[in-house]
Asks: 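Just passing along the structure, written as structure tokens.
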Amino acid sequence: MKALFLSASALSLLAFSACGGPQEDVPDPAIPEQAGSAGLDAAKDAILAKAESGDGPQIGDRIPDPAPAAEPSGSESSIAQAGAEEKAKADAVAARGVTEIGWEELMPEGEEERLAEMYQAQMAMLYSGSGVAEGSAADQAIQIGTFNTVKELDGMKVRLPGYTVPFEYGKDANIREFLLVPYYGACLHAPPPPPNQTVFVKAGKEIKLKDLSQAVWIEGTLRTQTQTSDLADAAYTIEMTNWEVYEY
């Protein structure tokens with residue numbers, strides 16, 4: 001059940017779950033075969049167990065810095081080759097007319113200050129003395145934030161890294177729509193990010209989620225188009241044309 005959330009800066013303190021990314025079409029025993037909510041619930045449990053085991057990112061971890069080019073073991077030619085490979089990748093992205101962006105670029109001017117005020121108001125309410133009874137209707141991860149967007153991004157072809165949150169699992173864990181979020185565990189056991197830090201992704205065809213703790217690059221046309229769901233609301237939509245594993 002979705003409500004409305006805490007600032008992204010507080011996520012590492014509240015986190016309790018996992019999300020991840022689509023990978024190549026290889027079966028994974030950690031992915032349940034059940035469809036719908038039963039499959040998603042089983043995935044949540046598997047994700048939480050993996051996070052608690054320390055195998056992979058911890059709940060609340062944001063997207064890490066990309067892995068640097070491998071240290072050359074030999075001559076200057078190896079250094080030049082590594083640099084050439086990185087440049088070739090960047091050139092290929094640019095040739096597709098795609099701009100690489102970060103999550104902070106989805107936030108309009110002054111939004112961080114607005115979120116901080118909302119977070120402070122939330123804390124003041126929680127610590128006003130009444131508290132929240134465990135298991136009550138108020139005892140749930142809530143989503144705080146706004147639908148304010150950067151209008152100039154509408155229609156831009158972008159490349160954005162993140163963790164994926166599927167709505168449900170069909171047979172073989174194939175999905176066509178999911179949320180992209182900036183930190184591990186969002187929307188399942190941890191509170192969702194603000195709407196303008198949550199992206200609804202529409203894939204052109206079904207993709208397989210092999211490892212939910214794996215971050216990915218999502219590429220496609222960005223729209224300032226609102227989408228709502230039981231997991232979280234999103235202020236942006238990406239019409240996905242390509243994706244790949246995020247190396248870190």
Asks: Hey, does the side chain of Q227 reach the backbone of T237 with a donor-acceptor pair shorter than 3.5 angstrom?
Replies: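 Checking the backbone N and O of T237 against the side chain of Q227, no donor-acceptor pair under 3.5 Å is found.
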Asks: Do NZ/NE/NH1/NH2 and the carboxylate oxygens of E117 and R114 come within less than 4.0 Å?
Replies: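 A salt bridge is absent here (no side-chain N lies under 4.0 Å from a carboxylate O).
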Asks: For F147 and A234, work out which heavy atoms get closest and say how close.
Replies: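 Smallest interatomic distance, heavy atoms only, reads CE2-O, 4.0 Å.
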Asks: Measuring from atom OG1 of T226 to atom OH of Y236, what distance do you get when rounded to the nearest 0.5 angstrom?
Replies: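 Those atoms lie 10.0 Å apart.
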Asks: To the nearest 0.5 Å, what is the distance between OG1 (T224) and CG (N148)?
Replies: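 Reported value, rounded in 0.5 Å steps: 11.5 Å.
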Asks: Could you check whether any side-chain N or O of Y184 sits under 3.5 Å from a backbone N or O of A215, counting only pairs where one atom can act as donor and the other as acceptor?
Replies: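 Looks like no, no N/O pair under 3.5 Å.
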Asks: Could you tell me which non-hydrogen atom of V165 sits nearest to which non-hydrogen atom of A186, and how far apart they are?
Replies: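 What the structure gives for the nearest pair is CG2-O, 3.5 Å.
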Asks: Only one of I207, L180, V216 forms a side chain to side chain contact (heavy atoms under 4.5 Å, CB included) with V201, so which one is it?
Replies: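 Answer to the side chain to side chain contact (heavy atoms under 4.5 Å, CB included) test with V201 among I207, L180, V216: L180.
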Asks: Going by salt bridge (Lys or Arg N to Asp or Glu O under 4.0 Å), name the pairs with one or both residues in residues 216-227, residues two or more places apart or in two chains.
Replies: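 As it turns out, the salt bridge (Lys or Arg N to Asp or Glu O under 4.0 Å) pairs with a partner in residues 216-227, which skip direct neighbours, are R96-E219, R223-E239.
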Asks: Taking all atoms of both residues into account, what is the closest heavy-atom pair of A203 and M240, and its distance?
Replies: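 Nearest pair, atom of A203 first, then M240: CB-CE, 3.7 Å.
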Asks: Taking N196 for the side chain and T149 for the main chain, is one N or O donor matched with an acceptor at less than 3.5 Å?
Replies: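 Looks like no, no N/O pair under 3.5 Å.
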Asks: Rounded at 0.5 Å granularity, tell me how far NZ in K205 sits from CZ in R176.
Replies: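 Output value for this atom pair is 10.0 Å.
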Asks: Could you pull out the closest heavy-atom pair between P182 and P193, with the gap in Å?
Replies: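 So the minimum-distance heavy-atom pair works out to CD-CG, 3.8 Å.
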Asks: Indicate the atoms forming the closest heavy-atom contact of P161 with W217, along with that distance.
Replies: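 Taking P161 first and W217 second, the nearest heavy atoms are CD-CZ3, 3.4 Å.
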Asks: Okay, side chain of W103, backbone of L160: is any donor-acceptor separation there less than 3.5 Å?
Replies: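 A pair under 3.5 Å: no.
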Asks: Indicate the atoms forming the closest heavy-atom contact of M156 with E152, along with that distance.
Replies: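 Shortest heavy-atom separation between M156 and E152 comes out as CE-O, 4.1 Å.
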Asks: Between E244 and R159 (salt bridge meaning N to carboxylate O under 4.0 Å), is one present in this structure?
Replies: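 So E244 pairs with R159 through a salt bridge.
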Asks: Working to the nearest 0.5 angstrom, can you tell me the gap between F167 CZ and L179 CG?
Replies: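 Here the interatomic distance stands at 4.0 Å.
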Asks: Does I101 share a hydrophobic cluster with W243, counting links as ILVMFWY side-chain heavy atoms below 4.5 Å and allowing steps through other members?
Replies: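 Yes, one cluster joins them.
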Asks: Is there a side-chain contact between L222 and L106, using heavy atoms and a 4.5 Å cut-off?
Replies: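 The answer is yes; the side chains approach within 4.5 Å.
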Asks: Do side-chain atoms of Y246 reach the backbone of Y163 as a donor and acceptor pair under 3.5 angstrom?
Replies: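 Side chain of Y246 to backbone of Y163, a donor-acceptor pair under 3.5 Å: no, none is there.
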Asks: For E105, is the CD atom crowded, meaning more than 12 foreign heavy atoms sit under 6.0 Å from it?
Replies: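 Yes, enclosed.
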Asks: Let me confirm one number: the CG-OG1 distance from D154 to T221, rounded to the nearest 0.5 Å.
Replies: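 Here the interatomic distance stands at 10.0 Å.
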Asks: To the nearest 0.5 Å, what is the distance between CG on L188 and CD1 on I59?
Replies: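 Result: 9.5 Å between the selected atoms.
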Asks: So do I218 and F178 actually touch side chain to side chain, heavy atoms under 4.5 Å?
Replies: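 Yes, side chains in contact.
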